[in-house]
Structure formats: C-alpha cells, structure tokens
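Notes to accompany the following structure.
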Amino acid sequence: MPRILIVGGGIAGLTVATTLTQRIGTKAEVTVLTKEPYYVGGPTRPLVLTNEEKLERIIRGYHNVGLKGIKIIYGTVTGVDPANRIVKYNESPPYGAKGGSLSYDYLVIAPGVVFDGSGINGYDKWGWINTNVYDPGMLMELKNKLWLINQGTVLVYAPKAPYRCAPAPTETALLAHTILKYRGVRDKVQIIHIDANDKTQPPAIADKVKEIYDKAGIELITNQEIVELNDHEVTTKSGEKYKFNVLAMLEPNRAPSFIRESGLGDEWFNVRSPVDLRKVKYDDVLAAGDVAKLPYPKNQEIAFESALFVVNKIMEDLGINDRVNTQYAFIGWAYLGNVEGRLETLSLQFGFDYTQQPPKVIKDPDPKREYTEQKDHWMQTYLGKLFGQA
C-alpha cells in the first residue's frame, strides 16, 4: 500500500488528503503532518477587527479529518531527505508526538509560508510591537489598538509580492478607517499605507482601491520597502522616516527553511510547471499551495486548485484511472470597509482566468454588501468540506 505523507494541514494539504481518501479509499495510507492541532481560516479573518467575524466561526480541529481515515500527526518538519524518502520532524508541543522520522512513497509539501522580518534592521528587537491580520494573536492586538487609539498614526505595510492574500494590507487599512470613523476619532488618526510594490495588490483592482483611499483620506506610498524599525518609527529604503502609534506590517514571505536546506527550492519550492507540481529531480515529491513557485497569486483558491493537480498526478502515477476536474481560475472578494464608518463592510468582486493568455480579468467596479456575504459563505463552505462541522 503506498504511503502518502502530506506536510501541512491547511487548505492545500487537506484538499490533497481528503480528495485522495475520497477517490482511492483504502488503496493508500494518507498521513498529514501539521504544526498545530487547529486551523484558523484566513480570508474572512480581517473582519474580526470590525466584529463582523468571530474567531470561533473559523477555527477548526482535526477530529473529523481523522474520522475519514486520515492519520494526523502534530509536529514541525526539521528536514527532508528526498533521496531516501524520509521526513524528519520535532514534536509540536504541547500536543505533538515525540518527533522522529517518517517514511513515504509520495511526499506532498504544503506548509504555507513563513513571515520573515529578519531583513529589516531592528526587527529582532522590536518585531514584537508589530500587528497584522494574518496571525490570530497579532490580529487581536491590532483589533484592541484600533478600538482604543484616539490620536496618532496607523501604519500599514505590504512587502514585495508575492505574499499570501494579496488584498489583505489594503483590507487592513480600510477596515482601520471604518473602525476609527465609527468611533468618531478618524479626523485625529492618520492612516498611512506603505507598499513595496508599484501598485496595491492585486494590481487589477488597484485603481478602485486608490479611489476608495482618496475618499477615506488614506495616504498611499508605493515603491518603498521598509528596511528599519524601532519602537515608534520605520525607515524606508529611500531614507524616509514614518512615525506610528499602531504598526500593521506584513513581513516578506518565503518558504520554510527546510525547503532550501533539502534542495527542494530557494525562496519557494521549485515545481516543473503549474500543472505538474513535482520537483524536477524527484517524481515522488510534489508541492501545493503557497509554498509552490507558481506564476499566480498566493491565495486560498490557487492553493485548492494546485492541490487538485497534485491529486491527479499521484493517481496517474498509481495507475488509477480517475481525474479531478481542475483549472487555474477563480473569483475572489476584497474587503473595502465602509467609508461612512458603518460596521457593514462592502466588498469588491474580482477574478482571474489563467486558462487564457493573457489572463482574463473579471471585476465588478461597484462594491457591494452582498459580496461580503458571498465571501463568508465561500469560507464556511471550504471549512465544512475539509474539516467538517465545528
């Protein structure tokens, strides 16, 4: 019986695990090695700031995953030996196994990204002061600060793309505006968005974001990387300094260190092509989700689609005459907050069809409340399908 080991228990990893289990059942042994005994959904997480989302609605454990016959191990990968088909891992306290090594016939790498601020001078000393909407703890810190600040500056930062969830920094800035406007202190609090890219991400909706920023009075500074941080100020590569009272900085993204150390890639896992997600040198090592080097945004829908390509390649290699329909095309939604300060976030709908060249862009230029509701339904559908009910 082939042993399929999946590193990562998020959307990509669980899509591979659950789809393979559904398609081939007991013809393979499927194991998921993941760091934490829980998963926190990402796309609707920013709305925790405005109390339109609650963490308990988007947190899932792995009980129902285990009931499907998928083995779950909590641990952190320390190394991969692809020549000998071995993954080494340490326990992930307090629930992890003792650590050791796992053998496999097929290895799927889907651990997501690492947020790495080590290239920012002073980050090692002052990184704790940062907040963002990506990490649950930092999210709650940001929420508390936005509901308490009465004057000063909120500074939002987006690093060079690619990074996970392209619109999240703009969502952060606009939701911050919404909260401060609702509280009646917006005229006393400046919001600055520094972006290392020439446009806010994704570029397809940058024009609409800029229009809303202008209405909301949010200052946008593009083509500037933050290179230094202290307890009250950041410095950009051009030498400009910006003071802050609240910092919501997304650090540059990269793959976990074991990818480079194991010869599987540099900043990202190097795949053969977007539809053949194997490592060039190894037919039995594949990648899915944010960790894969793909010419697409790093988001949940691309993670899902890439995972299905992985499933198809493994089934093909096993001689199983079955395929899952998949393609790189998606519809997404970006939160635009509410310029008037009502805690009723509006969203912009956009999408990309990468089956066409150049890729076809889909965009509704009118923000709508119903798009916010559609995004919530989409998130809950994913969680229900992969993790079962809360």
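Here the structure is a predicted model, which is why all the values come from computation and not from measurement.
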### Side chains of L47 and T372 in contact at under 4.5 Å (non-hydrogen atoms)
yes
### Message
Within the structure provided, determine whether V114 and E251 are in side-chain contact (heavy-atom separation under 4.5 Å).
### Response
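No - every pair of side-chain heavy atoms lies 4.5 Å or more apart.
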Just how far is it from atom [atom1] of [X] to atom [atom2] of [Y], taken to the nearest 0.5 Å?
{"X": "T345", "Y": "R369", "atom1": "OG1", "atom2": "CZ", "result": "6.5 Å"}
{"X": "D276", "Y": "K279", "atom1": "CG", "atom2": "NZ", "result": "12.5 Å"}
{"X": "I191", "Y": "L220", "atom1": "CD1", "atom2": "CG", "result": "12.5 Å"}

### Message
Any carboxylate oxygen within less than 4.0 angstrom of a Lys/Arg side-chain nitrogen, looking at D284 and R85?
### Response
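A salt bridge links D284 with R85.
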#### Entry: Ion pair D283/R272, N-O distance below 4.0 Å
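R272 and D283: salt-bridged.
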### Message
If you take the centroid of each ring, where Trp contributes its six-membered ring, are H232 and F244 closer together than 6.0 Å?
### Response
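Here the rings of H232 and F244 have centres that are no less than 6.0 Å from each other.
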### Query
Do the two ring centres, one from Y328 and one from F309, sit under 6.0 Å apart?
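Under 6.0 Å, so yes.
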Check: [Y] main-chain N/O paired with [X] side-chain donor or acceptor under 3.5 Å:
{"X": "W333", "Y": "P43", "result": "no"}
{"X": "N230", "Y": "E233", "result": "yes"}
{"X": "Y335", "Y": "L175", "result": "no"}
{"X": "R186", "Y": "R183", "result": "no"}
{"X": "T34", "Y": "G9", "result": "yes"}
{"X": "N245", "Y": "T153", "result": "yes"}

Can I get a per-line list of side-chain donor-acceptor pairs under 3.5 Å for residues 285-303, giving both atom names and the distance, sequence neighbours left out?
{"residue": "D290", "atom": "OD2", "partner": "R164", "partner atom": "NE", "Å": "2.8"}
{"residue": "D290", "atom": "OD2", "partner": "R164", "partner atom": "NH2", "Å": "3.4"}
{"residue": "K298", "atom": "NZ", "partner": "D290", "partner atom": "O", "Å": "2.5"}
{"residue": "K298", "atom": "NZ", "partner": "A292", "partner atom": "O", "Å": "3.2"}
{"residue": "N299", "atom": "OD1", "partner": "E301", "partner atom": "N", "Å": "3.2"}
{"residue": "N299", "atom": "OD1", "partner": "I302", "partner atom": "N", "Å": "2.8"}
{"residue": "E301", "atom": "OE1", "partner": "W378", "partner atom": "NE1", "Å": "3.2"}
{"residue": "E301", "atom": "OE1", "partner": "Y382", "partner atom": "OH", "Å": "2.9"}
{"residue": "E301", "atom": "OE2", "partner": "Y382", "partner atom": "OH", "Å": "3.4"}

### Message
Under 3.5 Å, is there a donor on one side chain and an acceptor on the other for D353 and Q356?
### Response
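The answer is yes; a qualifying pair exists.
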#### Entry: Test item: side-chain donor near acceptor, T50 and E52, under 3.5 Å
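Checked: T50/E52 side chains pair up, N/O donor to acceptor below 3.5 Å.
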#### Entry: Y282, OH atom: more than 12 neighbouring heavy atoms under 6.0 Å
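Result for OH/Y282: enclosed.
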### Query
For atom NZ of K199, is the number of surrounding heavy atoms from other residues, nucleotides or ligands below 6.0 Å larger than 12?
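Counting neighbours around NZ of K199, 12 or fewer heavy atoms of other residues, nucleotides or ligands fall under 6.0 Å, so no.
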### Task
Before giving the answer on side chain to side chain donor-acceptor pair (under 3.5 Å), spell out for Q327 and E305 the whole-Å C-alpha distance, their side-chain angles and the decisive distance to 0.1 Å.
CA-CA 6 Å; Q327 62 182 3; E305 297 292 343; over 6 Å; no
### Verdict with reasoning, D198 to K160, per salt bridge (charged side-chain N to carboxylate O under 4.0 Å, His left out)
CA-CA 9 Å; D198 60 352; K160 281 190 174 295; over 6 Å; no
#### Entry: Minimum-distance pair of heavy atoms, taken over all atoms of Q224 and K237
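Smallest interatomic distance, heavy atoms only, reads OE1-N, 4.1 Å.
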### Message
Quick check: closest heavy atoms across T15 and L386, and the distance to 0.1 Å?
### Response
OG1-CD1, 3.7 Å
### Message
Would you call the rings of F352 and F350 parallel, tilted or perpendicular, taking 30° and 60° as the class edges?
### Response
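Perpendicular.
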### Query
Can L247 and W126 be said to form a side chain to side chain contact (heavy atoms under 4.5 Å, CB included), step by step?
CA-CA 11 Å; L247 178 65; W126 297 108; over 6 Å; no
